[in-house]
Amino acid sequence: MAPFLHGKAGVITSPDGAISFMGSINETRAAWAHNYELVWEDTSPEGVAWVQAEFDELWAQGKPLPDAVVKEIGRLANRREVEIVAFHDDPVGIAPAALAETPIYRDGEALQPWQRAFVVQFMRHRETYGRARMLLADEVGVGKTLSLAASALVSVLLGDGPVLILVPSTLLEQWQIELLDRLGMPVARWHSTRKCWIDPSGRMIKSGGVQDIARCPYAVGLVSTGLIVHGIDRHGQPKHGTETEHLLRRRFGMVILDEAHKARGSEPMGSNERTPNNLLKFLLRIAPQTRHLLLSMATPIQTSESDLWDLLHGLNQDAEFVLGNAFSQWQRPDRVLPFLKGERKVADLREGWQLLTNPLPPTGSDDLLADIRAMLDMGEREWITNRYPSDMDNRVVTLKAEMELTAERGGLGYFQRDNPLLRHVVLRKRRDLERLGLLPSLPVDIHPTNDLPGPSHLFDGLSLYTSSGFDAALEAVDAFTKAYARRDKPAGFMKNLLLQRLCSSQAAAIATAKALIGDEELDDDIQEALEERTFDARAEERRHLRAVVAALTDRPDPKLRAVQYFLDEHRSGPRSWRKMGCIVFSQYYETASWIAQALSAAASDKAVALYAGAGRSRLIVGGVATSIERNQIKKLVAERDIRLVVATDAACEGLNLQTLGTLINVDLPWNPARLEQRIGRIKRFGQTRDRVDMANLTYAGTVDEKVYRVLSERLRKSSDVFGTLPETIDADWIDDIETLEERLRAFTVPRRRFDAFELKYSTDLISQDDWATASEVIARSDIETLLGTAWTTRP
């Protein structure tokens with residue numbers, strides 16, 4: 001401790017000698033003019049020496065400021081607010097100016113190098129082509145959401161127009177939370193059953209009905225992809241009076257489609273033509289009506305390369321710089337894949353000419369492309385020519401083109417080194433990012449496994465023993481589904497709705513059954529899952545739903561006992577999971593709320609944090625819950641004041657919990673990407689453990705058990721041409737366990753990779769983050785004004 005609290009001391013040295021002083025004086029005009037201040041002065045050598053000795057002693061006790069603090073002080077010293085209009089003619093600097101003071105940077109974090117690189121690539125596409133057409137295919141868990149959202153922010157600030165983001169209904173709230181919490185972007189989400197927009201605080205905005213989907217009150221609107229699918233008829237036309245029809249009537253500055261792998265075609269028996277599904281039909285129609293189109297998924301190839309071309313065709317609508325015109329070889333994967341895979345090389349200029357010129361790549365720094373454009377009198381934004389090599393009257397350029405097209409470099413042919421896929425598909429592999437030191441290589445120990453099953457008094461191998469009541473509930477769910485199918489043939493979604501909640505927890509199953517009976521209000525998750533369908537249970541259906549409630553009410557849930565086992569009895573080294581810090585995940589709020597309350601009641605002296613969606617986060621001590629903001633939970637965890645967090649998937653993005661070393665999944669999402677995101681909450685820079693632990697809880701005899709038995713052996717063995725595991729597991733895969741294994745095996749059998757992706761995207765990263773130190777910034781009020789600008793009523 002210093003010997004004074006507020007006083008100041010110093011020594012002033014001049015040619016005439018030294019003088020020391022001490023006092024409480026403040027260096028302000030008001031201090032001198034209006035306040036009583038005391039200043040002590042001493043010119044004696046003894047006084048000067050004493051003050052100098054005091055200073056030296058205190059200085060020796062000081063600690064160097066962290067580099068981040070020094071840089072931030074320097075940034076603030078030079079900080080200057082600039083008008084957005086300053087970037088319209090030179091947009092390069094708008095990204096750091098817009099993002100430098102967003103929450104992710106002010107909380108001491110940053111966009112990762114590959115995320116910043118994607119934003120820069122978007123800006124390059126915008127500048128080069130006048131519009132962006134990009135497929136973001138980064139592996140699961142590396143943060144595609146922020147890459148897309150930051151690009152959307154830049155697009156809005158540059159005045160490109162309204163942004164429509166299409167995501168699965170279960171991720172709508174997650175996107176809304178992450179955009180606000182991480183990038184300070186207030187956006188609205190459309191509620192498909194209430195037919196209104198929901199603001200960032202979770203409040204409904206008064207609506208005039210379905211048509212208001214085309215009048216979002218914010219610049220960025222989130223809409224469910226399921227809603228879009230149900231709005232397309234079998235002819236590919238929007239159904240009259242649906243949200244889809246109203247969205248297709250207007251134009252957008254940007255459209256983002258998340259989990260775009262669901263937009264794909266199929267080949268009916270006996271046909272060689274691919275038939276697009278409803279989401280792909282919508283994509284093909286909306287593409288010409290937006291300036292920028294960004295697609296996102298981790299697995300562009302689901303079953304064959306044709307899946308990828310389905311999406312590329314979507315990008316190519318009204319943008320022939322992607323795949324060229326109808327005569328382009330690039331429209332036919334069977335013709336170009338041999339060149340892409342290196343199975344076939346270009347023999348001469350004649351063979352490679354159409355591949356090169358339909359579409360012709362942008363010039364960039366390529367002298368050959370510049371020469372070809374000059375010889376053929378093509379402008380910088382002309383992409384297709386009907387002319388031939390013989391039309392070039394410069395023999396040197398012709399020979400140069402032939403040499404370039406036929407030569408190999410690094411073992412790669414020309415069209416492996418440069419092709420439409422490399423230009424419009426952005427792919428970063430986790431293992432490459434780990435190799436570059438950009439992601440931590442942190443092993444995850446999974447519990448239980450076939451080699452190390454759970455304790456026999458709780459686990460039947462990999463899954464938990466269940467009671468006769470649980471088995472009765474399963475039978476009641478099956479009976480309900482059969483009864484419902486008699487009046488609505490596509491009843492599978494309702495069965496999955498109930499099964500997934502029953503597989504999550506008994507509490508979630510009870511709440512869902514009561515809501516479907518009509519005893520309680522349907523929660524947002526169920527309403528979103530139902531999409532436009534209405535549900536009014538009939539007598540037989542209500543009887544089966546009540547049987548579910550009766551079978552589970554007042555029955556102990558084995559998942560609570562399993563969570564307590566892993567927290568306090570299981571050991572990973574000398575310490576328990578609770579002491580190492582643990583996060584418990586569920587995809588449903590009812591399960592998360594139940595487990596948090598139960599854990600708090602069982603250990604009344606320990607605080608439990610419930611990290612959930614807007615207005616639903618709680619701090620629970622001794623069973624008593626108090627509302628708390630999500631940022632406060634983050635702070636308490638970072639300072640190690642809380643060692644146990646229960647969270648929903650809706651809120652997991654942006655939750656950095658490297659001070660915790662273990663994770664428990666109370667339920668298993670049918671979505672490997674979601675599992676990666678959960679693991680990513682603790683598998684981060686700053687994690688003090690050299691390995692982390694993850695427990696997965698499933699009930700014996702359920703769908704979840706089947707999924708986990710297959711997934712548990714494959715989570716760490718994954719590689720294919722593009723992605724790793726599928727982004728989601730389709731429900732129909734699970735009906736037959738052999739089908740599920742076959743589907744997953746197709747993703748996990750190693751294949752030949754497009755090495756050019758690794759070459760390009762491991763070197764095209766922005767490693768130095770000068771965005772964090774940007775001193776020229778856009779005023780927060782200006783950003784909020786533009787983000788709060790409603791879509792115009794005119795399309």
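Since we're looking at a predicted model, the values are computed, not measured.
Counting non-hydrogen atoms of neighbouring residues, nucleotides and ligands closer than 6.0 angstrom, the CZ atom of R350 reaches no more than 12 such neighbours. For N386, the CG atom is loosely surrounded, since the number of other residues' heavy atoms within 6.0 Å does not exceed 12. Sparse packing is recorded around CZ of R395, with 12 or fewer heavy atoms of other residues, nucleotides or ligands lying under 6.0 Å away.
R381 places a side-chain N or O within 3.5 Å of a backbone atom of T128 that can act as its donor or acceptor partner. In terms of modelled atom types and a separation under 3.5 Å, the side chain of K144 and the main chain of D138 share a donor-acceptor contact. Using modelled atom types, one side-chain atom of Q115 and one backbone atom of Q112 make a donor-acceptor pair closer than 3.5 Å. Remark: side-chain polar atoms of Q416 are paired, donor with acceptor, to backbone N or O of L340 under 3.5 angstrom. Side-chain atoms of W383 do not come within 3.5 Å of backbone N or O of N358 as any donor-acceptor pair.
Side-chain contact between I104 and L183: present, with at least one pair of heavy atoms (C-beta onward) separated by less than 4.5 Å. You'll find the side chain of M254 stays beyond 4.5 Å of the side chain of L164, heavy atoms only.
The distance from atom CD of E305 to atom CG of L312, rounded to the nearest 0.5 Å, is 11.5 Å. Here the CZ atom belonging to F321 is positioned 8.5 Å from the CG atom belonging to N316, to the nearest 0.5 angstrom. Remark: S390 OG to L349 CG distance equals 9.5 Å, nearest 0.5 Å. For the atom pair CG of D377 and CG of D391, the computed distance is 12.0 Å after rounding to the nearest 0.5 Å. The structure places CZ of R291 at 11.0 Å from CZ of R251, a figure rounded to the nearest 0.5 Å.
No salt bridge links E320 with R133; every basic N to acidic carboxylate O contact stays at or beyond 4.0 Å. With respect to E382 and R373, no salt bridge is recorded, no charged nitrogen being found less than 4.0 Å from a carboxylate O. A salt bridge links R274 with D307; the closest basic N to acidic carboxylate O contact falls under 4.0 Å.
The minimum heavy-atom distance between A95 and W771, with the atom names listed, is CB-CH2, 3.8 Å. The nearest pair of heavy atoms linking M185 to V220 is CE-CG2, 4.2 Å. Scanning all heavy atoms of the two residues, the minimum distance from L356 to P361 falls at O-CD, 3.4 Å.
Exactly one of D318, D160, T290 qualifies for a side chain to side chain contact (heavy atoms under 4.5 Å, CB included) with R131. That residue is D318. Partner H424 forms a ring-ring contact (aromatic ring centres under 6.0 Å, His included) with one of Y129, W309, W330, F122 and no other, that one being Y129.
Looking at residues two or more places apart in sequence or on another chain, you find a salt bridge (charged side-chain N to carboxylate O under 4.0 Å, His left out) between E351 and R344.
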